[in-house]
J.: 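Below is the structure I would like to discuss, written out as structure tokens.
So you know, we letter chains A, B, ... as the sequences are listed, proteins then strands, and number each from 1.
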Amino acid sequence: MSEAFQIMLWPLVACLVLPGLLIYLGLHIIRRGIIFVDLALAQVAALGTCVAVLLHHEAHDWQTFVWSGAFTFVGAAIFTLTRPRGHKVPQEALIGIVYVVAAAAGLLLLSRSPEGNEELRKTLVGDVLLIRPVEIAVTLGVFALVGLAHFIFRRQFMAISHAPENAAATSLKVWWWDFLFYALFGVVVTIIVHEFGVLLTFSFLIIPAVCSNLLVRTLAAQLAIGWLIAVLASSAGMVASYQLDLPTGAAIVVALGLALLLIGAALGLLHRRKKTSD
Amino acid sequence: MKTLKIILSLLLAGAALAADAKLNVVATTADFGAIAQAVGGENVNVTVLAKPTEDPHFVDAKPSYIVKLNRADALIEGGAELEVGWLPPLLDGSRNDKLAAGQPGHISIAEGLAMLEVPAELDRSKGDLHAKGNPHFMTDPESARHAAKKIAEGLCSVDAAHKDSYEKNLQAWLKLLDEKEAAWLKLLAPFAGTRVAAFHNSWPYFAHRFGLKMDLFLEPKPGIPPSPAQLGVVLETIKREHIKVIIIEPYQSKHMAATVAAQTGATVLDFAQYPGALKGTEGDYLALLDKLVTTLAAALAAK
């Protein structure tokens, strides 16, 4: 058992401390109804990395980091400008378009690089089992800054996510807070995909937030419940991964999915019983 | 007195057990694993991390890999950035000082090997895969000879008690390899200079050793589908030069190879770099090379 603990220690620490901010951001994007914006922003950031590589920087140079950051801001600007005013085109359609076009553009750019470079795309996607303490520390540092920004400006961020019409009426600069939201979100997603991989990042953002939306109403309760579900499901996923020797990230994703299934089934049963007793 | 006797016999039994315990050897890929088993014989327990059908650049890590590394007395890796994407963090996690770089338990085969395709100047922009040369060197029997010696050297320094056995096994295996290599060279000699199409550029060492030309690639840049012009050149070249064989590996797109083959009349031949990826080659490097050489010779001889 101590061996299991030793091996799973850092992945476990990562799954205890890092999902907190992801769940909070997940509550925002569910409220906004823009579920796939994380994947799109990560892809836009990856496009920036492709440009940097084409300019002969290495995947971990600071120039590469600047390029991918700059592209993330461009992505944030795109989503800010396309916030739906009429209802002709849902924003989710534009998010999907940004995702596929960014992915395809990256492919086109890399086809012009001398070696193609399959490796590059893999270096952008991490594996929670391989996470190192220093990576957890750096990620946590960035998350703390983003979390602080969200805490200080919580009134504004909440207003634009929950009731943008009212926010506009109260002379809040919706476009500015929107841009800031997407830019910070893009930074968080790019970093965490690098540590957790795409599937696990998406799951931590969406599944606990959906579960807690089903169960409770207030933000604090949703955060607490979401975090609890994330911790329980990641622990279960890690135990399964260790005992059955499965890839860790995928095991946690399935555990999160099962958690949602259980909660959904339990709520369904409760609802039915209530109806029959009425 | 009686207790002392029991303790003494227990201690002796423990010592005997320890002496009997096999050396735990972990190899990153099946080719090194096969040779380590041949050299180590009954004194080693060999575990291979990457599946033979898996691309060794991109291995899906599992918790058991860390356990295996934690319990290992020796690690055999290709080096030259072959496993750079996944092995270093696993080694960190294993907390096994015996496997640290520079320790006798850390056997890196690429060390001291003449590599092909080493970039003249270290410019990452010109191919940021393989800055130290192409690491797929084990398809050349000469590299296998180097690997076997390197492995024997490593095992001897980690486990000096069985030095004689390792050296004896090494000599026996090298002799087998000599015989086989002579036969392979003879079998492929009639096809010297023949051009063979491949999916990626993963066979320069094989081509170099056996005098073949393997410089036409279905997917010149790994992971990027070829442009129409590139595909056109491949199709046209295969037709014009009557290239008979397209070789593909387990993790490459059979679909594209089949399409090209259908349009040109060439044959798709299953090749693999790792023992066990082709049927009948499990745990046997010589059987794998045997299969590659004989099936290729047969395909090239066919009308």
J.: Using the test side-chain contact (heavy atoms from CB on, under 4.5 Å), find all partners of A:Ala52 that sit at least two apart in sequence or belong to another chain.
T.: A:His57, A:Thr64, A:Trp67
J.: Would you say that more than 12 heavy atoms from the other residues, nucleotides or ligands in this model lie under 6.0 Å from the OH of B:Tyr251, or not?
T.: yes
J.: Is A:Asp245 in contact with chain B via its backbone, its side chain, both, or neither, using a 4.5 Å heavy-atom distance?
T.: both
J.: Go through B:Asn70, B:Leu90, B:Val67 and name the one with the most non-hydrogen pairs under 4.5 angstrom from chain A.
T.: B:Val67
J.: Find the distance between CD1 (B:Ile66) and CG (A:Leu130) and round it off to the nearest 0.5 Å.
T.: 7.0 Å
J.: Are more than 12 heavy atoms from other residues, nucleotides or ligands located less than 6.0 Å from atom OH of A:Tyr99?
T.: no
J.: At what distance, to the nearest 0.5 angstrom, does CG of A:Leu129 lie from OH of B:Tyr65?
T.: 10.5 Å
J.: Name the region of A:Leu246, side chain, backbone, both or neither, that has any atom closer than 4.5 Å to a heavy atom of chain B.
T.: backbone
J.: Identify which part of A:Met8 has an atom lying under 4.5 Å from any heavy atom of chain B, answering side chain, backbone, both or neither.
T.: side chain
J.: Just verifying a value: how many Å separate A:Leu107 CG and B:Lys221 NZ, rounded to the nearest 0.5 Å?
T.: 11.0 Å
J.: Enumerate the residue pairs fulfilling salt bridge (charged side-chain N to carboxylate O under 4.0 Å, His left out) with a member in residues 89-100 of chain B, sequence neighbours excluded, ordered by first and then second residue.
T.: A:Arg132-B:Asp92, B:Asp73-B:Lys98
J.: Tell me, side chain or backbone of B:Pro88 under 4.5 Å from chain A's heavy atoms, or both, or neither?
T.: both
